[in-house]
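Below: one structure, written as structure tokens.
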There are 2 protein chains.
Amino acid sequence: MQSRTPASRTGRPRSAAADTAILAATRQALVELGWSKLTLGDVATRAGVAKTTLYRRWAGKPELVCDAVAELFDELELPDLGSLAADIEGVVLQFAAILARPEAKSGLMAVVAESTRDDALRERIRASIVERQMRLVLEGRARAQRRGELPPEPDPQESARTVDLIFDMVAGAVVHRTLVSGKPADEEWVRGFTRVLLLGLASQPAEPGAQGAAPPGTPPRGDDTP
Amino acid sequence: MQSRTPASRTGRPRSAAADTAILAATRQALVELGWSKLTLGDVATRAGVAKTTLYRRWAGKPELVCDAVAELFDELELPDLGSLAADIEGVVLQFAAILARPEAKSGLMAVVAESTRDDALRERIRASIVERQMRLVLEGRARAQRRGELPPEPDPQESARTVDLIFDMVAGAVVHRTLVSGKPADEEWVRGFTRVLLLGLASQPAEPGAQGAAPPGTPPRGDDTP
DNA sequence: GAGCTTTCGCTACGAGTCGTAGCGTAATGC
DNA sequence: GCATTACGCTACGACTCGTAGCGAAAGCTC
């Protein structure tokens with residue numbers, strides 16, 4: 001979190017219960033008020049602590065909301081459903097479910113917007129949200145490479161670039177779908193998204209009833225002009 | 001814009017010059033102050049108009065910034081570079097260049113964040129930004145289908161879904177790359193992105209020196225190292 | 001030009017939030 | 001007991017908000 005706790009200090013320790021109460025109160029306030037009408041005084045009242053306690057622990061509203069929202073994404077897990085396509089669909093649906101919650105919508109985007117003028121905040125977001133979920137991409141890719149669904153990437157630099165690209169494409173698409181387009185990232189959408197991500201736009205559209213998953217050893221772009 | 005101008009009204013007409021001055025002042029204020037520190041009073045002073053004039057034309061800060069940012073995206077054009085991959089790369093680079101500007105970064109995301117609790121604002125964004133740029137996807141796909149680079153989609157419902165999906169994937173990825181990852185969407189990144197978008201993750205990575213994304217029947221493109 | 005209508009610039013205002021300072025008290029380590 | 005730190009509470013100046021009220025300006029219609 002935000003606390004500098006140098007292992008052992010003299011004096012009264014900070015209440016850990018207050019931390020969780022404050023972050024929960026922040027999420028509740030995000031749901032009821034949204035980002036713009038959320039005030040630190042209100043959060044303090046909801047959490048049952050003094051306003052000054054908030055200012056002693058967090059530098060301001062963006063940092064507080066960042067921490068409150070970050071906890072939402074810790075429940076993400078990469079399922080093992082047997083194929084890369086199914087795994088992607090599973091984790092993307094989880095991600096979409098979190099983003100559908102009002103506290104995530106309202107808080108996450110506002111913090112990101114704020115971070116465009118605040119490098120420290122951007123780094124905080126990166127460390128507490130992005131970096132922690134990068135494991136999903138890494139694990140998913142490694143698993144798919146073992147299955148032979150993805151080509152190996154020996155060059156570590158190239159490999160890192162690919163992971164970043166995948167993360168931007170997955171997270172970006174779901175966020176854009178949910179927040180900008182304002183439509184739900186439901187199963188149907190996720191299937192179409194996964195198909196394009198794995199096979200590309202040039203591939204045939206999925207036939208009705210067909211599972212959009214890429215079978216192992218799928219040759220790239222198995223069709224020409226039909 | 002926001003003005004209700006029922007063709008002809010009696011009385012003094014609104015100054016069109018004030019409109020452009022206000023929107024320009026808003027963008028300037030976004031650059032210098034960012035979203036959170038931008039105040040309508042400050043914008044009014046910069047534009048040389050009274051604060052009350054602003055409130056007569058716009059309901060609030062989000063609506064004003066939405067209009068100010070929307071104008072930035074009107075300069076987008078779909079190039080005709082001979083192949084779908086090249087066209088995508090061209091327009092994505094334009095999009096990335098706009099998003100790299102501080103007034104776009106700071107303003108766009110904040111407005112989107114605000115729109116999560118304001119349906120009217122979300123619709124305003126959709127109409128003034130998203131819908132107006134959808135033409136790029138429609139035109140690009142039609143062109144690619146004529147070239148045989150993309151399969152035809154006879155079902156209009158399925159076709160509309162695909163357009164929405166492409167828009168979410170393209171815009172979402174660029175936004176996420178620029179704002180969340182905080183790295184530039186430069187030519188190298190755009191090449192990798194376009195390759196995945198067209199051919200999918202399952203395809204072989206581009207070899208060093210090889211041109212990315214060459215869908216079926218694509219004539220070799222000119223060059224990208226001038 | 002007379003008259004009507006709407007916009008514009010200006011000033012002033014109450015309401016609300018911000019972030020901080022100050023003080024006495026509570027909880028821990030030595 | 002003593003030093004140290006966290007906590008709750010109150011109060012404060014500074015700032016922004018959005019609006020009301022007024023006289024003047026700029027169009028249109030006749």
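These figures come from a predicted structure and were not determined experimentally. Naming: A, B, ... by sequence-line order, numbering from 1 per chain. Below, each value reflects all heavy atoms present in this structure, side chains not excepted, and no hydrogens, waters or symmetry copies.
- Atom P of nucleotide D:dG18 and atom NZ of A:Lys37 are separated by 10 Å, given to the nearest angstrom.
- With axes fitted over five pairs at each extremity, the angle between the ends of the helix from C:dG1-D:dC30 to C:dC30-D:dG1 is 30° (10° resolution).
- Of the candidates A:Val170, A:Leu81, A:Leu136, A:Val190, A:Val91 forms a side chain to side chain contact (heavy atoms under 4.5 Å, CB included) with just one, namely A:Leu136.
- Along DNA chain D, the nucleotide nearest to B:Pro13 and the one nearest to A:Val49 differ in position, and the one closer to the 5' end is contacted by A:Val49.
- Counting only residues at least two apart or on different chains, the ring-ring contact (aromatic ring centres under 6.0 Å, His included) pairs with a member in residues 91-139 of chain B are B:Phe73-B:Phe95.
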Do any N or O atoms of the protein come closer than 3.5 Å to N or O atoms of nucleotides 15-18 of chain C, and which pairs are they?
none

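- Cation-pi check for B:Lys105 over B:Trp35 is not met; the charged atom does not lie both under 6.0 angstrom from the ring centroid and within 45 degrees of its normal.
- When atom types are taken as modelled, the side chain of A:Thr116 and the backbone of A:Ala113 share a donor-acceptor pair closer than 3.5 angstrom.
- Residue pairs meeting the salt bridge (Lys or Arg N to Asp or Glu O under 4.0 Å) criterion with at least one partner in residues 109-118 of chain A, sequence neighbours excluded, do not occur; the list is empty.
- In this structure, B:Arg57 places its CZ atom 18 Å from P of D:dG18, rounding to the nearest Å.
- Among residues two or more places apart in sequence or in another chain, the side chain to side chain contact (heavy atoms under 4.5 Å, CB included) test is passed with A:Ser15 by A:Ala17, A:Ala18, A:Arg57.
- For the pair B:Trp58 CH2 and D:dC17 C1', the interatomic distance rounds to 18 Å; values are reported in whole Å.
- The side chain of A:Arg14 lies closest to D:dC7, out of D:dC7, C:dT7, D:dG8.
- We find that B:Arg161 and B:Asp164 are not joined by a salt bridge, their nearest charged nitrogen and carboxylate oxygen being 4.0 Å or further apart.
- A salt bridge does not link B:Lys183 with A:Asp168: every distance from a Lys NZ or Arg NE/NH1/NH2 to an Asp or Glu carboxylate oxygen is 4.0 Å or more.
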**Q.** Derivation and outcome, side chain to side chain donor-acceptor pair (under 3.5 Å), residues B:Arg141 and B:Ser159
**A.** CA-CA 10 Å; B:Arg141 182 177 65 165; B:Ser159 169; 2.5 Å; yes
What pairs of nitrogen or oxygen atoms, one from the protein and one from nucleotides 20-25 of chain D, lie under 3.5 Å apart?
| unit_1 | atom_1 | unit_2 | atom_2 | d |
| --- | --- | --- | --- | --- |
| D:dA25 | N3 | B:Arg12 | NH1 | 3.0 |

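- Salt bridge annotation for B:Lys37-B:Asp42: absent, with no cationic side-chain nitrogen under 4.0 angstrom from a carboxylate oxygen.
- A salt bridge is absent between A:Arg14 and A:Asp19; no separation between the charged side-chain nitrogens and carboxylate oxygens falls under 4.0 Å.
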